[in-house]
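Encoded as structure tokens, the structure appears first; notes follow it.
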Amino acid sequence: MTIRVFLVDDHPMFRAGARHTVESVDDMDVVGEAATGEEAIRALGGGEVAADVVLMDLGLPDCSGTEATRRITSTPPDRADAPRTPRVLMLSALEEDDAVISALRAGARGYVVKGAPREELLRAVRTVADGGAVFSPFVADRLGDYFSAVHDMPGRAAFPQLTNRERQVLDLLARGYGNRRIARELVLSDKTVRNHISHIFAKLQVTDRMAAAARAREAGLGG
């Protein structure tokens, strides 16, 4: 049986490379492409294209790949002869825990880092098409770390509104670390750290680092 693959990425050169990889083997065929999430939703959610596996970029210009995945996988067929809901394999250069978890919650069946070896990508497509789930070795390691951290991290019960990454940032903030050191510790960009801190302030309803640190220490963070 030929696996029908649909490509979603806003970079034409990446789509061309992915198409070449997929069509280099006998058991796969590219049945369509989209440059935006909305294009993919119209084609796949509306049943215009029958696909088995969607290679979905995480960072799309209109709606995120996560949101597009959620809408595609949660839309039931509107007629009896409509194609079955495709399975989504997420592709991204991002390797952050929150991005992986968000993709899974949206319905993705796998998450492979862009630039993965050709055979790894083809194996992932076959696994997802067969109903399995697959992650690149790096992502699998990070998932294990994520769930261990969620289980063990102080303050999880005190701040259920925060993501695991936000709790990690808050913990370091409570230790007195500046943004640049937090970025080094968590292997993040300075901009990402600033965004996390803004979200933390909003969720904890505080206006500055001192107030956030005080709340964190009361909950056992920053030790």
Side-chain angles (χ1 to χ4, degrees), residues 1-77 83-144 146:
M1 185 186 85
T2 299
I3 300 171
R4 300 166 298 183
V5 180
F6 191 93
L7 309 175
V8 187
D9 196 287
D10 59 325
H11 292 96
M13 290 187 65
F14 182 85
R15 293 201 310 274
R19 175 182 281 274
H20 177 76
T21 296
V22 168
E23 295 187 338
S24 68
V25 293
D26 294 335
D27 61 336
M28 298 182 196
D29 189 30
V30 174
V31 295
E33 299 182 13
T36 69
E38 290 296 340
E39 288 179 11
I41 292 164
R42 284 195 298 271
L44 297 165
E48 296 175 10
V49 178
D52 301 304
V53 176
V54 181
L55 294 183
M56 176 76 73
D57 182 32
L58 181 65
L60 296 170
D62 50 355
C63 70
S64 70
T66 298
E67 174 62 16
T69 296
R70 185 190 65 77
R71 291 170 62 182
I72 290 167
T73 59
S74 65
T75 302
R84 69 173 175 81
T85 302
R87 298 174 174 126
V88 177
L89 177 61
M90 196 71 73
L91 296 174
S92 176
L94 294 175
E95 299 171 340
E96 291 189 18
D97 301 336
D98 290 347
V100 178
I101 299 303
S102 294
L104 294 178
R105 286 174 174 165
R109 300 296 293 270
Y111 194 108
V112 177
V113 176
K114 277 187 175 181
R118 171 181 176 275
E119 288 305 319
E120 181 181 328
L121 178 60
L122 294 175
R123 184 166 57 250
V125 171
R126 294 186 181 106
T127 299
V128 170
D130 287 341
V134 64
F135 306 95
S136 67
F138 182 87
V139 169
D141 288 343
R142 293 290 291 272
L143 278 174
Y146 175 91

Say you draw a straight line from [atom1] of [X] to [atom2] of [Y]; how long is it, rounded to the nearest 0.5 Å?
X	Y	atom1	atom2	value
Glu119	Thr21	CD	OG1	9.5 Å
Asp26	Ile3	CG	CD1	12.0 Å
Leu44	Ile72	CG	CD1	4.5 Å

Side chain to side chain contact (heavy atoms under 4.5 Å, CB included) filter on His11, not counting sequence neighbours, yields Asp9, Phe14

Closest non-hydrogen atom pair between [X] and [Y], with its separation:
X	Y	result
Ala34	Glu39	CA-OE1, 3.5 Å
Ala40	Val8	CB-CG2, 3.7 Å
Val49	Phe6	CG1-CD1, 3.9 Å
Thr69	Met90	OG1-CE, 3.4 Å

Side chain to side chain donor-acceptor pair (under 3.5 Å) against Arg42, all qualifying residues, sequence neighbours excluded:
none

Which atom pairs, donor and acceptor, lie under 3.5 Å between side-chain atoms of residues 122-132 and protein residues at least two apart or in another chain?
from: Arg126; atom 1: NE; to: Asp27; atom 2: OD2; distance (Å): 2.7
from: Arg126; atom 1: NH2; to: Asp27; atom 2: OD1; distance (Å): 3.2
from: Thr127; atom 1: OG1; to: Arg123; atom 2: O; distance (Å): 2.9

Indicate every side-chain donor-acceptor pair of residues 50-65 with a distance under 3.5 Å to a residue at least two apart or in another chain.
from: Asp52; atom 1: OD1; to: Arg4; atom 2: NH2; distance (Å): 3.0
from: Asp52; atom 1: OD1; to: Arg84; atom 2: NH2; distance (Å): 3.3
from: Asp52; atom 1: OD2; to: Arg4; atom 2: N; distance (Å): 2.8
from: Asp52; atom 1: OD2; to: Arg4; atom 2: NE; distance (Å): 3.1
from: Asp57; atom 1: OD1; to: Lys114; atom 2: NZ; distance (Å): 3.1
from: Asp62; atom 1: OD1; to: Gly37; atom 2: N; distance (Å): 3.0
from: Asp62; atom 1: OD2; to: Thr36; atom 2: OG1; distance (Å): 3.3
from: Asp62; atom 1: OD2; to: Gly37; atom 2: N; distance (Å): 3.4
from: Asp62; atom 1: OD2; to: Glu38; atom 2: N; distance (Å): 3.0
from: Ser64; atom 1: OG; to: Thr66; atom 2: N; distance (Å): 3.4
from: Ser64; atom 1: OG; to: Glu67; atom 2: N; distance (Å): 3.0

